Chemist: 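One structure, pasted below without further comment.
Order of the sequence lines sets the chain letters (A, B, ...), proteins ahead of strands, with each chain counted from 1. None of the values given here were measured: they were computed from a predicted structure.
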Amino acid sequence: MEHRPDADLEELCPVCGDKVSGYHYGLLTCESCKGFFKRTVQNNKKYICAEKQQCTVDKSLRKRCPFCRFQKCLLVGMRLEAVRVDRMRGGRNKFGPMYKRDRALKQQRKTLMQTSGFRRELSSPLCSSSYQRDLAFTGDLQPDPFLHSIPLPTAQNDQTGHQCPSMCSLLPFNPLSATQYQFTSFSNWTIKLEHTNNCVSPLGSAAGIYMNSDELYSNTPQGPRIPQLVMEFLRCDPDELQLRNKTIARLKQEQTGWNKHRNPSTFSLMCLMADQTLFSIVEWARTSIFFKQLTVNDQMRLLHSCWSELLLLDIISRQVLYGREGSLLLVTGQEVELSDVASHAGPTLASLIQRGQELVDKLSMLKVDRQEFACIKFLILFDPDVKELEDHRFIEGVQEQVEETLLEYTLCTSSQYFGRFAHLLLCLSDLRALSSLTEDYLYCRYQSADVPCSSLLIEMLHAKRS
DNA sequence: CTAGCCTTGACC
DNA sequence: GGTCAAGGCTAG
């Protein structure tokens, strides 16, 4: 891809939307906002807003309210300290390397977006309808002995009884809606959602997610410098052993009702495991950075939109990280031979398993690690294309931030392999296509009354179709 | 006061 | 010597 040095200038000024003339005081802005910011800081100007400090700042209205204009300059990340106290002209300041890095990142992202077709509208060409119709739905994974023959492992730290609440009740009412926050400090991270006039930020993104530049990376003495946000994602990640124990406890509880009649089908067991995994996914999201700042409505919309992608990623990442070739590692810790699974599945399910396995192979070849899976989960969750979001801008900002973080991480850990990020995005496209097919399949099974009732899985299946 | 253009000078 | 983000200048 050819590099055009003036490609930056195609962007719009984050303050007023005018044409960008270059990097000024920390980020790409237009000439007039550069001048305005300089005059304001150099002359220590104090403005007053005649309205409610919420004036629109765009190219035509930027002169109307300097107070709101300056607030917006700070909000988008213009740096006070880039204005020189001594007024010395020319030369370079400490932000030089930052501008350089930002240029490289922007260029790389642009290239990757163009080449990988990452955006959802460009991906998933096989989604649902046409492809699904070609695969005749033929029903069941036969109730076969291979799963039942493996004793359920013993749960450690046994969990107490299970309830099956709906997702809404799992997401507690959030007393402060996102837009009501001024600042929400979280670890080293600050998510800024309203105007404020003192922030520290290198290259603030549109959502206003700010970090202290000294705290961008973890300080591991050996090995690659891991971006701090990746460490935060890892911290949010659920513990595999806990999930295993919860699932086993749930299955054992369900088991008490089985013996009276006959064993449930393998498919029903799989649904129960998926259902329990969904609970853990909701719990993960609910307690995760950024997500817990959203309104409950937005939380529900995001989860209803991406549950199957997260569910599949959970299964697939387990195979990549802990699995053995030729076998399927279940969330319970049980291992079943893939050939057994495939031979008992109908053609639709067999084809889904086949495609899933191909994705596992791809990701295994890439040696995708826990850090990358953790980032990908956030990429999936914060999907700005979801309809009717209340805080679309914030969600879009998180998405951009996570993309940048994942790109940085891949460059840190495998600089010799430049296309890693693009490969990961391509795998994500595959995952999206596959999850859509899987949803269709599950919905068919649900309509045939094959999916066990009163489960989160069913709530999710309904959500997108209602 | 605004904003477009000019000058400067450290860094590559 | 070229680049480009600082500060400076000035008509409107």
Chemist: Is it true that A/Lys19 and A/Glu31 have a side-chain N and a carboxylate O under 4.0 angstrom from each other?
Modeler: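 Judged by the 4.0 Å cut-off on N to carboxylate O distance, A/Lys19 and A/Glu31 do not form a salt bridge.
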Chemist: Ignoring backbone atoms, test whether A/Gln42 places a side-chain nitrogen or oxygen under 4.0 Å from the OP1 or OP2 oxygen of C/dA6.
Modeler: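 Indeed not, no polar side-chain atom of A/Gln42 lies that close.
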Chemist: Below 4.5 Å, heavy atoms only, C-beta onward: do A/Phe67 and A/Ile48 meet side chain to side chain?
Modeler: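 They are not in contact (no side-chain heavy atoms under 4.5 Å apart), so the answer is no.
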Chemist: Are the charged groups of A/Arg393 and A/Glu396 less than 4.0 angstrom apart, N to O?
Modeler: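 A salt bridge is absent here (no side-chain N lies under 4.0 Å from a carboxylate O).
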Chemist: Taking the basic N atoms (NZ, or NE/NH1/NH2) and the acidic carboxylate oxygens, is any pair closer than 4.0 Å for A/Asp18 and A/Arg62?
Modeler: yes
Chemist: Hey, is A/Glu337 close enough to A/Arg324 for a salt bridge, meaning N to O under 4.0 Å?
Modeler: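 Salt bridge between A/Glu337 and A/Arg324, a charged N being under 4.0 Å from a carboxylate O: yes.
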Chemist: Would you mind telling me which of A/Ile395, A/Val386, A/Val296, A/Asp383 makes a side chain to side chain contact (heavy atoms under 4.5 Å, CB included) with A/Arg301?
Modeler: A/Val386
Chemist: For A/Arg64, answer base if it contacts any base atom (sugar-phosphate contacts may also be present), sugar-phosphate if it contacts only those atoms, and nothing otherwise; contact means non-hydrogen atoms under 4.0 Å.
Modeler: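 Here A/Arg64 touches no strand at all.
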Chemist: Check for me whether A/Arg69 meets the cation-pi criterion with A/Phe36, that is, NZ or CZ under 6.0 Å from the six-membered ring centre and within 45 degrees of the ring axis.
Modeler: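 Satisfied, under 6.0 Å and within 45°.
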Chemist: Quick one: is A/Tyr25 getting a side-chain N or O under 4.0 Å of the C/dG7 phosphate, OP1 or OP2?
Modeler: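 Looking at the OP1 and OP2 atoms of C/dG7, one of them is under 4.0 Å from a side-chain N or O of A/Tyr25.
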Chemist: Any side-chain heavy atom of A/Leu74 sitting closer than 4.5 Å to one from A/Phe70?
Modeler: yes
Chemist: Does any residue of residues 29-40 of chain A have a heavy atom under 4.0 Å from DNA chain C, and if so, which ones, in number order?
Modeler: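 Within this stretch, A/Lys34, A/Lys38 sit under 4.0 Å of the strand.
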Chemist: Can we say A/Asp237 and A/Lys377 salt-bridge, meaning some charged N sits less than 4.0 Å from an Asp/Glu carboxylate O?
Modeler: yes
Chemist: What's the NZ-C1' distance between A/Lys94 and C/dA6, to the nearest Å?
Modeler: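 Checked: the NZ to C1' distance equals 15 Å.
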Chemist: Once you apply a heavy-atom cut-off of 4.0 Å, does A/Lys45 come out as touching a base, just sugar-phosphate, or nothing?
Modeler: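 A/Lys45: backbone/sugar contact only, no base atoms under 4.0 Å.
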Chemist: Using atom NE2 of A/His24 as one end and atom P of C/dC4 as the other, report the distance to the nearest whole Å.
Modeler: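 Atom-to-atom, A/His24 to C/dC4, this comes out as 12 Å.
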Chemist: Check each residue of residues 85-93 of chain A for a non-hydrogen atom within less than 4.0 Å of any atom in DNA chain C, then write out the ones that pass by number, or none.
Modeler: A/Arg87, A/Met88, A/Arg89, A/Gly90, A/Arg92, A/Asn93
Chemist: Shoot me the first and last contacting nucleotide of DNA chain B against chain A, ordered 5' to 3', at under 4.0 angstrom to non-hydrogen atoms.
Modeler: B/dC1 to B/dC11
Chemist: Under 30°, 30 to 60°, or over 60°: which ring-plane class applies to A/Phe378 and A/Phe290, parallel, tilted or perpendicular?
Modeler: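 Taking A/Phe290 first and then A/Phe378, their aromatic rings stand perpendicular (interplane angle over 60°).
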Chemist: Quick check on the 6.0 Å ring-centre criterion: do A/Phe382 and A/Phe233 meet it?
Modeler: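 Ring-ring flag for A/Phe382/A/Phe233: false, centres at least 6.0 Å apart.
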